[in-house]
There are 2 protein chains.
Amino acid sequence: MDIPEKVIDRLSLYHFILEDFDSDEKYISSSKIAELLRIDNSQVRKDIKYLDNSGKCRVGYDIKHLKQAIEKCLGFEHKREAYIIGAGNLGSALVKYDSFTNYGLNIVAMFDNDSKKIGQNINGKPVYDIASINEMIKKSEVEIAILTVPKKYAKGIAKIISEAGIKYIWNFTPCILDVPKEIQVWNENLIGSFLQFTNKEDEDK
Amino acid sequence: MDIPEKVIDRLSLYHFILEDFDSDEKYISSSKIAELLRIDNSQVRKDIKYLDNSGKCRVGYDIKHLKQAIEKCLGFEHKREAYIIGAGNLGSALVKYDSFTNYGLNIVAMFDNDSKKIGQNINGKPVYDIASINEMIKKSEVEIAILTVPKKYAKGIAKIISEAGIKYIWNFTPCILDVPKEIQVWNENLIGSFLQFTNKEDEDK
């Protein structure tokens with residue numbers, strides 16, 4: 001089904017809320033979710049209509065059912081393997097983010113050019129020499145590269161991994177990559193996010 | 001001006017492109033920007049209409065003018081101070097992200113509960129004891145907290161900084177914070193971002 005990006009974003013936030021709910025509570029109302037996220041109740045109800053969710057009754061949504069419906073809809077059970085390229089702070093933060101596994105992202109290994117990092121393990125994941133990335137992509141079935149290298153290396157690495165056959169790049173660098181059209185690129189734009197946040201502040205004043 | 005979030009996001013991506021352009025090129029076409037970002041040319045032109053930009057001619061936009069117009073529109077010159085709470089990998093990655101300064105975000109200090117980190121400097125920024133956060137917020141004019149603590153601490157810290165008078169929380173934890181309405185919260189939802197990316201993949205197939 002074609003679900004708008006914003007809806008996917010909100011559904012994952014609803015999932016955070018449901019995960020956090022006391023296990024002795026069985027139901028949650030759309031207005032409770034709306035209140036926590038400071039959005040309209042009608043928006044929550046509209047988003048939930050995208051789900052195959054039958055657990056609604058007078059007192060609200062069945063938490064367990066709703067959680068499962070979100071998981072099914074957003075494909076949490078569809079496991080995807082990824083390499084992190086760049087074992088600096090950001091790469092290390094992402095490899096330690098155990099929640100990813102629950103949402104279907106399995107980080108297989110990391111790559112770096114720093115001899116002090118190569119051969120180490122970070123959160124149980126090996127750090128390989130960036131010089132071997134071409135070969136590793138070619139011989140593995142990993143399709144996603146998470147790019148967390150310094151900006152100056154971003155374009156060069158993107159070229160190498162594109163030629164090696166990577167299919168998807170989750171780009172955390174503040175650099176727009178110029179790779180062949182068949183490679184999907186998702187720009188994780190922290191600057192844009194900050195600017196959205198601060199422009200919202202100004203607007204609300 | 002009320003600029004939609006998605007437009008702000010794209011304008012900041014256009015800015016990345018302009019920053020990256022060879023200094024000997026003077027003009028860029030909307031179609032070049034559109035091509036790099038894989039969006040419609042008409043979208044780029046529409047977004048640029050939000051700007052106070054007069055540097056358009058037959059061969060394209062004047063790069064320098066367009067850059068300045070984006071900077072002005074998104075308030076890069078409006079400097080904002082922030083504390084990072086949590087000096088782990090993610091907090092350290094953010095404090096080392098020098099680009100933030102160009103976009104108006106000045107990180108003043110970090111806070112952590114790890115005695116090995118307290119008293120250190122990361123990228124020139126001091127790491128203070130989390131126990132002092134209440135006092136520090138009260139006596140400073142810092143209004144933004146960037147929350148990068150482990151999930152289990154997120155709600156407790158959010159309560160403390162809210163009571164101390166923080167105004168904005170940029171929340172990197174996978175936890176929905178329940179803080180008073182007058183405090184702005186911006187959820188940086190990496191899981192949602194990944195799911196948007198991977199659901200897009202599936203859809204494109």
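In what follows, chains carry the letters A, B, and so on, assigned in the order in which the sequence lines appear, proteins first and then strands, with residues in each chain numbered from 1.
Considering all non-hydrogen atoms of both residues, Leu195(B) and Ser12(A) come closest at CD1-CB, 3.9 Å. Closest approach of Trp170(A) and Phe194(B) over heavy atoms only: CH2-CB, 3.5 Å.
Contact of Val179(A) with chain B is made through backbone and side chain together, with heavy-atom distances under 4.5 Å. Contact of Lys167(B) with chain A is not made at all, since no heavy-atom distance falls under 4.5 Å. Only the backbone of Ile169(B) comes within less than 4.5 Å of a heavy atom in chain A; its side chain stays farther off. For Val7(B), no part lies under 4.5 angstrom from a heavy atom of chain A.
In this structure, Pro174(A) and Tyr97(B) have side chains that are in contact, with non-hydrogen atoms separated by less than 4.5 Å. Side-chain contact check for Phe197(B) versus Gln184(A): some heavy-atom pair is nearer than 4.5 Å. Put simply, the side chain of Phe16(A) does not reach to within 4.5 Å of the side chain of Cys175(B), judged on heavy atoms. A heavy-atom distance below 4.5 Å is not found between the side chains of Thr198(A) and His78(B). Between Ile176(A) and Leu37(B) the shortest side-chain heavy-atom distance falls below 4.5 Å. Within the 4.5 Å cutoff, the side chain of Lys6(A) has heavy atoms near those of the Glu5(B) side chain.
A 6.0 Å sphere centred on CZ of Phe21(B) holds more than 12 heavy atoms belonging to other residues, nucleotides or ligands. By the neighbour-count criterion of 12 heavy atoms within 6.0 Å, atom NZ of Lys116(B) is sparsely surrounded, having that number or fewer from other residues, nucleotides or ligands. Around the NZ atom of Lys152(B), the shell of radius 6.0 Å holds no more than 12 heavy atoms that belong to other residues, nucleotides or ligands. Under a cut-off of 6.0 angstrom, the local environment of NZ in Lys49(B) is sparse, with at most 12 non-hydrogen atoms contributed by other residues, nucleotides or ligands. In this structure, Glu141(B) places its CD atom where only 12 or fewer heavy-atom neighbours from other residues, nucleotides or ligands lie under 6.0 Å away.
Here Asn89(A) contributes atom CG and Leu94(B) contributes atom CG; the two are 9.5 Å apart, rounded to the nearest 0.5 Å. Residue Ser193(A) holds its OG atom at 6.5 Å from CZ of Phe172(B), rounded to the nearest 0.5 Å. A distance of 5.0 Å separates CG in Asp178(A) from CG in Leu36(B), rounded to the nearest 0.5 Å. For the atom pair CG of Leu11(B) and CD1 of Ile191(A), the computed distance is 14.0 Å after rounding to the nearest 0.5 Å. Annotation: the span from Arg38(B) atom CZ to Asn187(A) atom CG amounts to 9.0 Å, rounded to 0.5 Å. Put simply, CG on Leu190(B) and CD on Glu188(A) are 5.5 Å apart, with the number rounded to the nearest 0.5 Å.
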(request) Starting from the C-alpha separation in whole Å, work towards a yes-or-no answer on side chain to side chain contact (heavy atoms under 4.5 Å, CB included) for Leu90(A) and Lys96(B). (result) CA-CA 10 Å; Leu90(A) 183 56; Lys96(B) 287 178 186 169; over 6 Å; no

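A distance-only check finds a donor-acceptor pair linking the side chain of Asn189(A) to the backbone of Asp9(B) [under 3.5 Å].
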